[in-house]
Protein chains: 2
Amino acid sequence: MTFQKRAHKILELLETSGEVEIRQLATKIGVSEVTVRRDLTSMAANGLLYRTHGGAMKISDVIKPVSFANKAEVNLKAKDAICKRAAEDIVEGDVIFIDCGSTAFRLCQFIKDKKIKVITNSLPIVNELQHSAVTINLIGGEVDASRQAVHGTMAHEHIGRYQAAKAFLGVDGITAEGLYAGSEYEASNTLAMAAQTGCTYMLCDASKIGKTSYLKFNDLSIVNILITDYKGPEVNKFESKGISIYSVTV
Amino acid sequence: MTFQKRAHKILELLETSGEVEIRQLATKIGVSEVTVRRDLTSMAANGLLYRTHGGAMKISDVIKPVSFANKAEVNLKAKDAICKRAAEDIVEGDVIFIDCGSTAFRLCQFIKDKKIKVITNSLPIVNELQHSAVTINLIGGEVDASRQAVHGTMAHEHIGRYQAAKAFLGVDGITAEGLYAGSEYEASNTLAMAAQTGCTYMLCDASKIGKTSYLKFNDLSIVNILITDYKGPEVNKFESKGISIYSVTV
DNA sequence: TTAATTATGATTAAATTTGATCGAATTAAA
DNA sequence: TTTAATTCGATCAAATTTAATCATAATTAA
């Protein structure tokens, strides 16, 4: 059994089970554990898999969770409900912007089979939609590793070249007074997308409603539709500012 | 039994079983193992099969899992030697272009600790350099999932905005007549980068030298330096065209 | 026919691959 | 935190495969 055959077999097993153990592989393939270990080391160096103690994992299984491991856990069900509702408004042939951030990321699972074009600056979204029916336009510019997104002047200009029917945006906080962001980068990106869009959707789980953070970057005028699981009275203030509310239940 | 007849038989056997062994072939065809080995070496050089220890495999079986990742396995050591030499020319503060493709990707490991700016259209490179000392500028445009890269008009314009000291490029084939690419996307990307660069480095392992593919996209005038492990006489022709040769040993 | 080129086979040194062993590093448990 | 158990990486030795060299046979060209 040559290295190539073993590599093939290992990848096959990884594809189905997501992770493998060295002892498992050694007996299943019929070589020593040392050899399996060598195979895994070499394959990991080539980016074919992710090495763990005592075995290996699929690359995709390890890259995705890492990028959003912490944030994505919070209010996951609410975010999914919000994104499911958002996806209902996306129809075949649409060109849409999707913001970076953990909420907008959850939209991916609901649009995978739609024949649409997505313009985004989020690397996890690109990863997620890569082998789907969706055509992806990635915004260029400086890569911000901590946010897993692309930002900067070039990104701005890039967005300015495009026009989309809908934009799905996220913020750090929203009150009747305006929109709050966690960083200037995120703020300017959100604004740039909104400026090039016919209809903007703000995706906010209940924790964002009424919350302020250090940077208030705009009033509510750029928001057309707010999708949220929040049921309190504050939503009336948004409606009075001309925002349509899509209320979802978790 | 002529070489052509043997080659035909070997391909036939490969087609049905997916893999062959040298001893097997020697008895089945009725020639010595030395001859079979020679046949396989020659056929592998022409891309008809994939050479393994003690035999050969069908190309498609080797490439199946992930096209990019498996390409990277071919001539890995040569590519690493080439990229190591290339990295020696990269100094702190440099702004460099890096092409997409399996060869240029290997450059990442040697530049992780350098304080430089990398402009690239390759998603694997972004992933690899994400949490390193390198500042990354990602070229925007249409995402080509099969090549794991960004292409198109927007990408072109993006490249045109920048100017870099060095560009590290790859091609599918190179002869004294010119450069050959596997697709128009790759060709136009390579050209665009070369146009914005002071000094272009072409990274070519031996299998690329003298090889042509369906699209000849430019003459050699855009190449300043060729780094390769190829030792044959063809390199003199490149030198006479004004290209500096950096020869590496695997 | 003869000379020159090419293809094949045998031989041998170099390179790969594999498995075993052992100290170091990592993880899990107490 | 300390201890015990795995796992890892490095090094070495054995077996196999490969590449290089040379001699011989077959083919081609003059």
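Side-chain atoms are counted along with the backbone in the values below, which use heavy atoms only and exclude waters and symmetry mates.
Under the 3.5 Å distance criterion, the side-chain polar atoms of A/S42 are left unmatched by any main-chain donor or acceptor of A/R38. Judged purely by atom type and a 3.5 angstrom limit, A/T52 has no side-chain atom pairing as donor or acceptor with the backbone of A/M57. Formation of a donor-acceptor pair under 3.5 Å by the B/K241 side chain with backbone atoms of B/D219 is not found in this model.
In this entry the distance linking CZ of B/R37 with C1' of D/dT17 reads 6 Å, nearest Å. Regarding B/I29, its CD1 atom lies at a distance of 15 Å from the C1' atom of C/dA7, rounded to whole Å. Here the C1' atom of nucleotide C/dT8 and the CG atom of B/L40 are 15 Å apart, to the nearest Å. Spacing between atom CD of B/E33 and atom C1' of C/dT12 amounts to 15 Å, rounded to whole angstrom units. With rounding to whole Å, B/D39 atom CG is found 14 Å from C/dT6 atom C1'.
Shown for residues 2-10 of chain B: residues whose heavy atoms fall under 4.0 angstrom of DNA chain C, namely B/R6.
Taking the side chain of A/H53 as heavy atoms from C-beta on, and the options C/dT18, C/dT27, D/dA19, the nearest nucleotide is C/dT27. Among the nucleotides C/dA10, D/dA19, C/dG19, the one closest to any side-chain atom of A/S32 is C/dG19. Here the side chain of A/T35 is nearest to one of D/dC8, C/dG9, C/dG19, namely C/dG19. Considering only the side chain of A/I22, D/dC8 comes nearest among C/dG19, D/dT18, D/dC8.
Each of B/R38 and B/G55 was matched to the nucleotide of DNA chain D holding its nearest heavy atom; the match closer to the 5' end belongs to B/G55.
Residues B/K9 and B/D39 are not in side-chain contact: their nearest non-hydrogen atoms beyond the backbone lie 4.5 Å or more apart.
Between B/K216 and B/E177 there is no salt bridge, since none of the side-chain N atoms of the basic residue sits less than 4.0 Å from a carboxylate O of the acidic one.
Remark: B/F238 CZ is packed, more than 12 non-hydrogen atoms of other residues, nucleotides or ligands lying under 6.0 Å away.
Between B/R23 and D/dT17 there is a side-chain polar atom (N or O) within less than 4.0 angstrom of OP1 or OP2.
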Apply side-chain contact (heavy atoms from CB on, under 4.5 Å) to the pair B/K237 and B/L220, showing each step before the final yes or no. CA-CA 11 Å; B/K237 294 185 190 166; B/L220 295 179; over 6 Å; no

